[in-house]
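Everything on this sheet refers to the single structure shown next.
In the text below, chain A, chain B and the rest are named by the order of the sequence lines, each starting its count at 1.
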Amino acid sequence: MHTDRKIRVRFAPSPTGALHIGGVRTALYNYLFAKRNGGDMVLRIEDTDTNRYVPNAEKYIIEALNWLNIKFDEGVSFGGNFAPYRQSERKEIYKSYVNQLLDTGKAYIAFDSPENLEEKHTQIANFQYDASTRIAMLNSLTLSKEEVEKRIATGEKYVVRVKIEPNEDIVVNDLIRGEVHINSSILDDKVLYKSFDGLPTYHLANIVDDHLMEITHVIRGEEWLPSAPLHVLLYRAFGWENTMPRFAHLPLLLKPDGKGKLSKRDGDRLGFPVFPLDWIDEKTGEKSSGYREAGYFPEAVINFLALLGWNSGTEQEIFSMEELIQIFSLERCSKSGAKFDFEKGKWFNHKYLQVRNSENLAKYLIPVFKEKNIDFDKNKLLEAIDAVKERATFPKDLFDLLLFFFVAPQDFNENDVKKRWKEETSQLLTELIPVLESMENFDNEYLTEETVKQWCEQKVCNLGSVMNPFRLTLVGEMKGPQMFVVTKILGKNETLKRLKFALEKLNLFKQ
RNA sequence: GGCGCAUUCGUCUAGAGGUUAGGACGCCGCCCUCUCACGGCGGUAACACGGGUUCGAGUCCCGUAUGCGCUACCA
């Protein structure tokens with residue numbers, strides 16, 4: 001019907017707090033879909049809820065998506081031909097469209113106070129403001145024209161409600177779920193325009209903006225599926241049905257344990273972030289941690305999120321953003337909610353850490369070294385990172401893994417000493433000293449290894465009986481990279497110094 | 001309560017009538033090995049249930065159950 005139109009999608013968050021990771025995924029899928037199809041991605045801020053508005057939220061949303069490399073073609077802070085993109089700045093636009101609905105009899109004015117409605121709800125089970133009940137309410141359908149005008153003239157508050165015609169079959173054609181049918185009688189006459197702040201509700205603003213901004217595809221969370229029929233009706237009421245966007249309702253992101261959709265409380269309860277960036281609630285002072293600060297790489301978060309509700313149909317699991325753009329499709333989105341498994345998230349981060357070079361990873365470490373006043377040689381640091389990074393999931397893991405290169409062990413792991421420091425150990429290691437001293441340097445780890453191994457063979461001792469305690473003297477415990485990579489990075493002087501120190505200390509200890 | 005959506009290993013998922021139901025994370029074991037890791041190999045473990053349709057159903061239909069979502073002058 002509208003294949004000739006340029007693909008345009010929007011990500012339309014409400015600035016009510018930090019952007020939830022589920023929202024990030026919605027943004028991602030919109031982005032991937034748009035880029036896959038050569039379309040545009042619009043950022044629209046839906047700030048029609050004045051009560052829940054949080055000032056810093058908009059900034060947070062923009063910063064978070066920027067960190068994740070999800071880019072917009074237009075919208076708040078990006079410019080574009082359909083400005084303004086902030087709904088609070090579009091009041092007059094909505095007003096004229098509400099009037100259009102009023103003029104054509106698709107909507108009506110209602111004076112019923114919130115208290116009055118509350119009373120109805122308590123009096124009548126399952127009360128709903130609709131075709132069957134509106135005749136008994138205070139609205140422009142039941143009141144005379146003069147009465148309505150009089151009430152408005154005296155400043156009485158009123159809302160505008162959509163007039164839903166009962167008993168109509170409404171079909172929502174969803175790109176992920178197929179046809180969803182519902183009968184209009186179960187819909188209520190939703191408020192389109194609020195009485196107190198001169199702003200429309202989501203439903204009205206959404207339809208008007210998507211139409212005006214020429215949005216072709218609405219990709220949003222499944223929680224919107226129940227109101228999609230209302231939206232279809234609104235497009236119809238405006239006479240915009242032939243350019244109505246296609247809908248795709250994404251499955252929800254669920255709590256890792258228990259049930260229900262992932263909420264912001266789950267993060268700190270279960271020890272992993274549910275927000276892209278750290279967030280401090282200004283009202284309560286409550287801090288929630290973010291993926292960035294927790295040490296996740298944006299590409300790992302993207303990869304992880306992409307696979308939560310979508311898959312390529314192949315066995316490939318590692319995808320760059322570019323690859324995702326090439327291969328993404330709504331048809332391959334799943335229909336059921338996905339539980340959030342952060343163990344898999346860690347695995348992705350581990351994978352992405354491995355392909356980062358040491359120079360890049362050093363950026364995370366250098367501030368820590370400086371803060372802790374630890375001397376380091378940049379080149380040695382880079383070598384050390386390469387030597388230990390396969391053990392790390394997060395950049396911060398690297399610090400503990402390579403600290404021994406820069407700070408000589410003063411103590412030795414008791415269990416390891418017990419297990420590896422045998423009767424003959426000090427004798428052996430003492431004899432190893434001149435062997436090492438005879439070498440010019442340790443720059444060639446294969447040569448060092450060969451030298452030690454040959455000496456060992458001559459002594460007819462088993463290699464482990466030398467290597468294990470030797471490791472203990474240099475590292476302080478039984479972990480770390482290949483021994484002769486360690487000696488290479490440490491250098492000859494430092495190696496011998498540590499060896500001698502340990503011999504002294506451990507012999508005392510043993511006595 | 002009403003309406004809607006969903007249901008394959010613990011988790012993410014492949015599967016579009018005929019498969020020993022595949023992969024990944026996690027877990028376990030083995031190999032590699034100077035330690036810890038990495039890596040390699042292997043193992044563990046699933047079609048919610050009941051009816052149909054069909055020669056044949058994880059795949060199609062109906063029902064039940066369960067879960068989730070929505071049911072605000074919030075989005």
Item to complete: For A:D397 and A:R391, run salt bridge (Lys or Arg N to Asp or Glu O under 4.0 Å): C-alpha distance rounded to whole Å, both residues' side-chain angles, the deciding distance at 0.1 Å, then the answer.
Response: CA-CA 8 Å; A:D397 297 342; A:R391 293 158 180 79; over 6 Å; no
Worksheet item: If every non-hydrogen atom of A:W310 is compared with every non-hydrogen atom of A:L324, which pair is closest and at what distance?
Response: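 Shortest heavy-atom separation between A:W310 and A:L324 comes out as CZ3-CD2, 3.8 Å.
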Taking the [atom1] atom in each of [N] and [M], what is the distance between them to the nearest angstrom?
{"N": "B:C28", "M": "B:C62", "atom1": "P", "value": "45 Å"}
{"N": "B:U8", "M": "B:C49", "atom1": "P", "value": "11 Å"}
{"N": "B:G26", "M": "B:G39", "atom1": "P", "value": "9 Å"}
{"N": "B:G15", "M": "B:C47", "atom1": "C1'", "value": "10 Å"}
{"N": "B:C30", "M": "B:U44", "atom1": "C1'", "value": "15 Å"}
{"N": "B:A48", "M": "B:U35", "atom1": "P", "value": "46 Å"}
{"N": "B:C74", "M": "B:A16", "atom1": "P", "value": "47 Å"}
{"N": "B:U13", "M": "B:U59", "atom1": "C1'", "value": "16 Å"}

Discussion item. Whether the side chain of A:R471 and the base of B:C34 hold a donor-acceptor pair under 3.5 Å is what I'd like checked.
Written reply: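 Yes, a donor-acceptor pair under 3.5 Å.
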Item to complete: Kindly say whether the aromatic ring centers of A:F297 and A:F394 come within a distance under 6.0 Å.
Response: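 A:F297 vs A:F394: aromatic centres not under 6.0 Å.
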Discussion item. Would you say that A:L463 contacts A:K453 through its side chain, given a criterion of any heavy-atom pair below 4.5 Å between the two side chains?
Written reply: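 Of all side-chain heavy-atom pairs linking A:K453 with A:L463, at least one is under 4.5 Å.
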Worksheet entry | Flag side-chain contact, heavy atom, 4.5 Å: A:M439 against A:L447 |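 Sidechains of A:L447 and A:M439: in contact.
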Worksheet item: Any sub-3.5 Å donor-acceptor pair from A:Q354's side-chain atoms to A:K351's backbone N or O?
Response: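 A pair under 3.5 Å: no.
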Fill in: N/O donor-acceptor pair under 3.5 Å between A:D266 side chain and A:S263 backbone
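Yes.
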Atom pairs under 3.5 Å, N or O on each side, protein against nucleotides 3-10 of chain B: can you list them with distances?
unit_1 : atom_1 : unit_2 : atom_2 : d
B:C5   : O2'    : A:R177 : NH1    : 2.6
B:C5   : O2'    : A:E222 : OE2    : 3.0

Scan every strand shown for a Watson-Crick or G-U wobble partner of [N], both distances under 3.5 Å, and answer none if you come up empty.
{"N": "B:C47", "answer": "none"}
{"N": "B:C73", "answer": "none"}
{"N": "B:U19", "answer": "none"}
{"N": "B:G4", "answer": "B:C68"}
{"N": "B:U11", "answer": "B:A24"}
{"N": "B:U53", "answer": "none"}

[N] phosphate, OP1 or OP2: any side-chain N/O from [X] under 4.0 angstrom?
{"X": "A:S334", "N": "B:U13", "result": "yes"}
{"X": "A:K351", "N": "B:G39", "result": "yes"}
{"X": "A:R332", "N": "B:G15", "result": "yes"}
{"X": "A:N311", "N": "B:A14", "result": "yes"}
{"X": "A:K346", "N": "B:A24", "result": "no"}

Check whether more than 12 heavy atoms from other residues, nucleotides or ligands sit under 6.0 Å from atom [atom1] of [X], and answer yes or no.
{"X": "A:Q316", "atom1": "CD", "result": "yes"}
{"X": "A:R332", "atom1": "CZ", "result": "yes"}
{"X": "A:Y60", "atom1": "OH", "result": "yes"}

Worksheet item: Where do A:K339 and A:D341 land on the salt bridge (Lys or Arg N to Asp or Glu O under 4.0 Å) test, with the steps shown first?
Response: CA-CA 6 Å; A:K339 274 190 192 167; A:D341 176 17; over 6 Å; no
Discussion item. With no hydrogens and no angle check, just 3.5 Å: does a side-chain donor-acceptor pair link A:Y85 and A:D209?
Written reply: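 No - no donor-acceptor pair under 3.5 Å links their side chains.
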Without decimals, in angstroms, what is the distance between [X] [atom1] and [N] [atom2]?
{"X": "A:Q316", "N": "B:A24", "atom1": "CD", "atom2": "P", "value": "14 Å"}
{"X": "A:L187", "N": "B:A72", "atom1": "CG", "atom2": "P", "value": "12 Å"}
{"X": "A:Q128", "N": "B:U71", "atom1": "CD", "atom2": "C1'", "value": "8 Å"}
{"X": "A:W310", "N": "B:A24", "atom1": "CH2", "atom2": "C1'", "value": "14 Å"}

Worksheet item: Applying the side chain to side chain donor-acceptor pair (under 3.5 Å) test to A:Q427, which of A:E424, A:E423, A:E431 qualifies?
Response: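 That would be A:E431; it is the only one of A:E424, A:E423, A:E431 passing the side chain to side chain donor-acceptor pair (under 3.5 Å) with A:Q427.
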Give one of base, sugar-phosphate or nothing for [X], where a contact means two heavy atoms less than 4.0 Å apart.
{"X": "A:P481", "value": "base"}
{"X": "A:D174", "value": "nothing"}
{"X": "A:K157", "value": "nothing"}
{"X": "A:G221", "value": "nothing"}
{"X": "A:Q482", "value": "base"}

Practice prompt. Please determine if A:R220 forms a cation-pi arrangement with A:F247, meaning its NZ or CZ atom is less than 6.0 Å from the six-membered ring centre and no more than 45° off the ring axis.
Written response: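 No, A:R220 does not sit over the ring of A:F247.
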Item to complete: Looking only at side-chain atoms of A:E343, point me to the closest of B:C34, B:G26, B:A75.
Response: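 So the nucleotide nearest the side chain must be B:G26.
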Could you pull out the protein-nucleic contacts involving nucleotides 41-46 of chain B (nitrogen or oxygen on both sides, under 3.5 Å)?
none

Discussion item. Short of 4.0 Å, heavy atom to strand atom, which residues of residues 44-61 of chain A count as contacting RNA chain B?
Written reply: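 Contacts with RNA chain B under 4.0 Å: A:E46, A:T48, A:D49, A:R52.
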